[in-house]
Number of protein chains: 2
Amino acid sequence: MEFDKDEQGLYEFIELLFFAYRDFTAGPDEELMAFGFGRAHHRVLHFVSRNPGLMVAELLDILRVSKQSLNRVLKQLIEEKFVFQEQGAGDRRRRHLFLTAKGQELADRLGAIQFEQISGSLKGFSPKAYQNICDGLLSLIADDDQKEVLGRFDEARKRSRGSDE
Amino acid sequence: MEFDKDEQGLYEFIELLFFAYRDFTAGPDEELMAFGFGRAHHRVLHFVSRNPGLMVAELLDILRVSKQSLNRVLKQLIEEKFVFQEQGAGDRRRRHLFLTAKGQELADRLGAIQFEQISGSLKGFSPKAYQNICDGLLSLIADDDQKEVLGRFDEARKRSRGSDE
DNA sequence: AATAATACGTCAACAATGTTGACATTGTTT
DNA sequence: AAACAATGTCAACATTGTTGACGTATTATT
């Protein structure tokens, strides 16, 4: 397996991504079933947990689904008190999304499942090798989206520093 | 971004995988629409292309869906002459799956789209870095499945050597 | 002040893809 | 002959995606 237009290698890469994604999402999916939720709910919980105060429009841009599709799961999460909204201070049309204690608890549990999976899988990797994997995944993302993704990473790290210290 | 139970880094890893998978599947999805097919059809075309003579039971194990769900798309692909079946020589209950010329053409076109995406994204990576990415993806796959995946990789490489020389 | 644009919510219909359960067919094994 | 295995099929239903149309605040523009 080396990179150089080797057709076999490229096909293998495609399959690795498919199987990795398949097995990676399997764990949380099980846990979610107990709540009557699915993968779509997980995505909302994840991104609201990581970006507290996220607006609906931003979430739509992240998930790339129609607002009707998002609204179906978001409505459930709000009705069942996993998520709540706050009207924007400046612009009162905006709804900022946050997790309730219950929502945060579930998001954290799902995160913990994936943490174990990742650290179990990658514990043998050097920091350098791990960096290569992250860089590789990042460059698979469409050029226009990479900036947005990295921007949100930065904000999350700033928030985390702000609350830790 | 370094590997060591850094919560931020692990969350970032999760998101990278999500966005990479999202953007990686977007290309073929568009092409498939023109044929009235979806991602489920793509998976069948891909794995039959890579493993000619694959049995239905093996495909079910790869995709991890119910036979009824598979049958729906497989039936379409057979009726529209992208895939054909051959009765097993030894065990005549078995149906071995193959692509027709038309099916192979479509599978190749979809492969080409993803090839361009991958090589465009990873062209700056050293062979070593590329190897790290592949190893990382592989280890994200459930332990029991890694052997199967690697086994099929080997078979595909053997087949490819057999027909190339 | 009237009008347009924005952010969001909602109703309805429909499509793709997943599920389970039940049953039929054909071929192999015991 | 009876049991098992591999596949196909019918039906019902769940989740998550789509489009189109419309409603309601709120803000921005003219």
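Letters A, B, ... are given to chains in the order of the sequence lines, protein chains preceding strands, and every chain is numbered from 1.
Rounded to whole Å, the distance from CG on A/Leu77 to C1' on D/dT16 is 14 Å. At whole-Å resolution of the value, CD in A/Glu58 and C1' in C/dT6 are 15 Å apart.
B/Gln85 comes within 4.0 angstrom of sugar-phosphate atoms only, judged by non-hydrogen atoms across all strands, and of no base. Nucleic acid contact for A/His41: sugar-phosphate only, since backbone atoms but no base atoms lie under 4.0 Å from a heavy atom of the residue. As judged by a 4.0 angstrom heavy-atom cut-off over every strand, B/Gly36 is placed among residues making no nucleic acid contact. Nucleic acid contact class of A/Gln87 (heavy atoms, under 4.0 Å, all strands): sugar-phosphate only. Using a 4.0 Å heavy-atom cutoff across all strands shown, B/Arg72 reaches at least one base atom of the nucleic acid.
For a distance-only test at 3.5 Å, the side chain of B/Arg93 qualifies as a donor-acceptor partner of the base of D/dA5.
The listed nucleotides are D/dT18, D/dT7, D/dG8; the one nearest the side chain of B/Ala57 is D/dT7. Side-chain proximity of A/Ser69 to D/dT7, C/dG9, D/dT18: nearest is D/dT18.
Between C/dG9 and A/Arg94, no contact under 4.0 Å exists linking OP1 or OP2 to a side-chain N or O.
Where A/Val65 and B/Lys67 meet DNA chain D, the nucleotide closest to each residue was compared, and B/Lys67 sits on the side nearer the 5' end. Mapping A/Ala40 and A/Gly88 onto DNA chain D by nearest heavy atom places A/Ala40 closer to the 5' end of the strand.
Ring geometry for B/Phe24 versus A/Phe13: interplanar angle over 60°, hence perpendicular rather than tilted (30 to 60°).
Rounding to the nearest 0.5 angstrom, the gap separating the CG atom in A/Asp154 from the NZ atom in A/Lys158 is 5.5 Å.
For the 3.5 Å distance criterion, the side chains of B/Gln8 and A/Arg50 qualify, holding a donor opposite an acceptor.
Two residues are said to be in side-chain contact when any heavy atoms from C-beta on lie closer than 4.5 Å; B/Glu80 and B/Phe37 meet this criterion.
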